[in-house]
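Accompanying notes for the structure given below.
Heavy atoms only: backbone and side chains are in, while hydrogens, waters and symmetry mates are out. Numbering of residues begins at 1 and proceeds along the displayed sequence.
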Amino acid sequence: MTRVGIVVLILSTALGAAAAAVGVSPSWWYAALPLTLVGALGAWDLLQRRHSVLRNYPVLGHARFLLERIRPELQQYFVERNYDGRPFDRDVRSIVYERAKGTDAEEPFGTERDVYRPGHEYLVPSMAPCSVPETPPRVRTGGPHCGRPYDMALLNVSAMSFGSLSANAVLALNGGAAAGGFAHDTGEGGLSEYHLRPGGDLVWEIGTGYFGCRTGNGDFDSAEFADKAAHDHVKCVSLKLSQGAKPGIGGVLPGAKVNAEIARVRDVPEGRTVVSPPYHRVFATPRELVRFIARMRELSGGKPTGFKLCVGSRRQFLAVCKAMLDEGTAPDFIVVDGAEGGTGAAPLEFADHVGAPLTEGLLTVHNALVGAGMRDRVRIGASGKIATGADLVKRLVQGADYGNAARAMMFAVGCIQAQRCHTNTCPTGVTTQDPRRARALDVPDKTARVRRFQEATVASALQIMASMGVTDPAQLRPHMLRRRVDSRTERSFEELYEWLAPGQLLAEPPASWAADWQAADPDRFTV
């Protein structure tokens with residue numbers, strides 16, 4: 001109860017007792033009570049010093065705080081149009097909900113979007129479309145040093161940790177992955193029983209905190225890592241360098257959410273706030289990073305091993321490419337997280353202003369690997385606001401081999417974009433450790449929704465590709481995606497961006513890449 005409530009309660013009780021003592025009629029007291037409470041509230045507003053609005057406008061000023069509190073709901077349900085909400089507009093949320101439920105996801109009467117607006121993108125249909133493949137293609141992940149390659153689905157569950165998500169949400173996501181035959185990234189919060197129980201394929205992600213494979217002082221525990229990575233459900237292991245919402249800073253899990261179970265999974269003390277540092281202890285140079293990736297692959301028994309990052313400096317990524325060439329080894333996959341991604345809470349400045357968006361990140365990583373002659377051995381995953389078949393096809397055109405979705409998968413299990421993920425008060429039980437709230441998420445129902453959403457989205461992507469005359473993602477080319485530059489001009493991605501030829505950086509780097517390639521140092525992360 002707030003201080004205002006306490007004062008009002010004491011005052012009303014005292015006045016009620018006084019009225020009874022002098023024999024005042026109860027009906028009179030009940031009639032006067034509202035005025036008494038309003039008067040008490042007004043007196044408190046005048047005396048308090050925290051809010052200037054309330055001192056100038058006692059009682060009435062509370063309307064301002066009430067409206068501010070419910071503003072997000074008013075905006076989402078009554079103000080925003082179908083196509084201009086953020087981070088995801090209503091059209092996108094609706095299509096995810098409909099596909100998750102197995103209902104029609106079709107709209108009548110044409111698009112509501114302004115197709116002449118600069119920035120509008122569209123995929124190029126063919127005059128000779130082809131049949132949709134009966135079986136969705138898969139992406140063989142595993143380079144020459146990988147003894148146990150994995151066939152990745154075109155769309156998978158992106159990284160979200162147990163602790164950030166409720167146990168029921170993790171169970172539903174992994175159950176959907178098991179039923180649909182796609183992969184589920186654990187996030188950096190450790191390998192929990194909820195990831196393992198349903199039997200879905202896992203990408204075990206290790207972050208800077210080394211949760212689930214850490215020593216008492218926070219270092220990487222190779223023995224614990226090897227033991228857990230050997231689990232049959234773990235198909236790949238991934239080292240998280242950075243994430244789209246907050247590249248370059250660590251994560252925080254409030255102590256209120258660190259219950260005994262989460263503490264056990266993460267190897268951390270119960271009830272204490274868990275901080276992931278912004279940097280890794282296991283490497284300090286590009287060469288050490290490449291060597292550690294190779295060590296993780298060896299410790300895992302030869303399973304595909306890679307890393308995830310939100311791209312920043314092209315020069316630093318080229319330094320990693322040089323280290324791969326020098327060491328004669330490379331990751332089996334690289335997941336590119338766009339700056340528009342973000343299931344984790346982050347400072348507004350980082351979410352808005354730090355890191356490359358997914359398009360530029362993908363183009364950087366794809367072209368760097370092509371130019372260094374290593375693209376054929378490293379698969380690229382794309383993670384950042386993939387929610388529809390069109391989103392997935394665009395990322396495949398831009399250089400990805402497969403996609404990962406986080407927030408769209410949250411929608412599939414019931415998320416309503418309340419944006420309270422970090423408060424432990426999620427209204428749908430997705431991002432909370434409150435048992436009462438989490439129980440609202442029915443696991444069998446949401447498991448089926450996750451499977452249906454992934455299946456329908458991949459089917460949509462294949463249908464779009466077939467309309468473009470393509471039966472396999474490898475046939476997609478940059479000229480098949482176009483962007484409007486101004487009201488009269490449009491350009492294909494082949495024209496808008498530079499695309500390197502295989503081995504071009506090794507032979508004769510183009511002028512636009514030469515300086516970065518020359519300055520890239522495999523033994524130093526040059527800024």
When rounded to the nearest 0.5 angstrom, what is the spacing between OG1 in T186 and CG in L196?
9.5 Å
Side chain to side chain contact (heavy atoms under 4.5 Å, CB included) assessment of L476 paired with M465
CA-CA 8 Å; L476 293 169; M465 286 190 283; 3.7 Å; yes
For P427 and I416, the nearest pair of non-hydrogen atoms, with its separation, is CG-CD1, 4.0 Å
Non-hydrogen side-chain atoms of V115 and Y122 separated by less than 4.5 Å
no
Atom CZ of residue position R138 - does it have more than 12 heavy atoms of other residues, nucleotides or ligands inside 6.0 Å?
yes
Could you verify whether a donor N or O on one side chain and an acceptor N or O on the other, from S492 and R483, lie under 3.5 Å apart?
no
Residues G181 and A153: closest non-hydrogen pair is O-CB, 4.1 Å
How would you list, by chain and number, every residue that makes a ring-ring contact (aromatic ring centres under 6.0 Å, His included) with H231, sequence neighbours excluded?
H233
Do D332 and R297 touch side chain to side chain, with heavy atoms closer than 4.5 Å?
yes
Evaluate the side chain to side chain contact (heavy atoms under 4.5 Å, CB included) criterion for residues V485 and L496: first the C-alpha distance (whole Å), next the side-chain angles of each, then the deciding distance (0.1 Å), finally the verdict.
CA-CA 10 Å; V485 178; L496 288 171; 4.2 Å; yes
In chain order, what residues pass the side-chain contact (heavy atoms from CB on, under 4.5 Å) check against A466, with sequence neighbours excluded?
C130, V132
Does S164 use its side chain to pair, donor to acceptor, with the backbone of M160 at less than 3.5 Å?
no
Passes side chain to side chain contact (heavy atoms under 4.5 Å, CB included), Y402 versus N156? Steps please.
CA-CA 8 Å; Y402 63 91; N156 308 278; 3.6 Å; yes
Should T359 and R395 be marked as a side chain to side chain donor-acceptor pair (under 3.5 Å) after you check the CA-CA gap, both sets of side-chain angles, and the distance that decides it?
CA-CA 7 Å; T359 295; R395 299 315 181 186; 2.8 Å; yes
K303 backbone acceptor or donor facing T305 side chain under 3.5 Å
yes
Is the closest side-chain heavy-atom distance between F162 and I262 below 4.5 Å?
yes
Give a yes or no on whether a salt bridge exists between D401 and R375, defined as a side-chain N under 4.0 angstrom from a carboxylate O.
yes
Residues R477, E494: salt bridge by 4.0 Å N-O rule:
no
Is there a side-chain contact between V96 and T457, using heavy atoms and a 4.5 Å cut-off?
no
We want to know whether T471 and Q475 form a side-chain donor-acceptor pair, criterion being a heavy-atom distance below 3.5 angstrom.
yes
Can you see which heavy atom on V203 is nearest to which on S238, and at what distance?
CG1-CB, 3.9 Å
Less than 6.0 angstrom from the centroid, inside 45 degrees of the normal: does R99 satisfy that with respect to the ring of F453?
no
CD of Q398 to OH of Y497, rounded to nearest 0.5 Å, is 7.5 Å
Please check this pair: side chain of T447 against backbone of V443, looking for a donor-acceptor N/O pair closer than 3.5 Å.
yes
Closest heavy-atom pair, L441 versus G429, reported as atoms and distance to 0.1 Å, is CD1-O, 3.7 Å
Scanning both residues in full, the closest heavy-atom pair of I386 with A405 reads O-CB, 3.3 Å
Rounded to the nearest 0.5 Å, what's the gap from SG on C213 to CZ on R266? Could you check?
12.5 Å
Value for OG (S161) from NE2 (H195), rounded to nearest 0.5 Å, stands at 7.0 Å
Determine whether I206 and V237 make a side-chain contact, defined as any pair of heavy atoms from C-beta on separated by less than 4.5 Å.
no
Mark yes or no for whether S242, through its side chain, and C310, through its backbone, hold a donor-acceptor pair below 3.5 Å.
yes
Before giving the answer on salt bridge (charged side-chain N to carboxylate O under 4.0 Å, His left out), spell out for D151 and R140 the whole-Å C-alpha distance, their side-chain angles and the decisive distance to 0.1 Å.
CA-CA 4 Å; D151 292 331; R140 175 56 60 97; 2.4 Å; yes
For the residue pair Y150 and D201, establish whether any side-chain heavy-atom pair is separated by less than 4.5 Å.
yes
Return yes if some donor-acceptor pair links the side-chain N/O of T431 with the main-chain N/O of L165 below 3.5 Å, else return no.
no
Let me see the working for E121 and R482 under salt bridge (charged side-chain N to carboxylate O under 4.0 Å, His left out), right down to the final yes or no.
CA-CA 6 Å; E121 294 177 352; R482 301 184 69 87; over 6 Å; no
Quick check for you: to the nearest 0.5 Å, what is the distance between E134 atom CD and L462 atom CG?
12.0 Å
Side chain D185, main chain S158, donor-acceptor under 3.5 Å
no
Would you say the side chain of V258 lies within less than 4.5 Å of the side chain of Q433, judging by non-hydrogen atoms?
no
Starting from the C-alpha separation in whole Å, work towards a yes-or-no answer on side chain to side chain donor-acceptor pair (under 3.5 Å) for E188 and Y210.
CA-CA 8 Å; E188 64 175 307; Y210 310 118; over 6 Å; no
Examine F493 together with W499 and report whether their ring centres are nearer than 6.0 Å.
no
For V92 and A387, the nearest pair of non-hydrogen atoms, with its separation, is CG1-CB, 3.6 Å
Can a donor-acceptor pair be found between the side chains of N174 and Y194 at a distance below 3.5 Å?
no
As an exercise, state the distance from CG of L369 to SG of C321, rounded to the nearest 0.5 Å.
5.0 Å
Please determine whether side chain to side chain contact (heavy atoms under 4.5 Å, CB included) holds for the pair F333 and V335, giving the CA-CA distance in whole Å, both sets of side-chain angles, and the decisive distance to 0.1 Å.
CA-CA 7 Å; F333 63 88; V335 176; 4.0 Å; yes
Cut-off 3.5 Å, side chains only: do S166 and T432 have a donor facing an acceptor?
no
Tell me, do L171 and P198 make a side-chain contact under 4.5 Å, heavy atoms counted?
yes
Ignoring hydrogens and angles, state whether a donor on the side chain of E490 or Y116 is under 3.5 Å from an acceptor on the partner side chain.
no
Say whether, by atom type as modelled, one donor and one acceptor occur between the side chain of S126 and the main chain of V124 under 3.5 angstrom.
no
Does the pair R437 and D434 meet the rule for a salt bridge (charged side-chain N to carboxylate O under 4.0 Å, His left out), with working shown?
CA-CA 5 Å; R437 292 176 180 271; D434 181 340; 3.7 Å; yes
Report yes or no: does R264 contribute a side-chain atom to a donor-acceptor pair with the main-chain N or O of D267 at less than 3.5 Å?
no
Would the distance check show the side chain of S300 and the main-chain N or O of M296 forming a donor-acceptor pair, the cut-off being under 3.5 Å?
yes
Determine whether the side chains of D91 and S94 contain a donor N or O and an acceptor N or O closer than 3.5 Å.
no
Is it the case that atom CD in Q463 sees more than 12 heavy atoms from other parts of the structure closer than 6.0 Å?
no
Mind running salt bridge (charged side-chain N to carboxylate O under 4.0 Å, His left out) on K385 and E340 for me, showing each step along the way?
CA-CA 7 Å; K385 293 191 76 171; E340 63 268 50; over 6 Å; no
Would you confirm whether K446, through its side chain, and G414, through its main-chain N or O, come within 3.5 Å as a donor-acceptor pair?
no
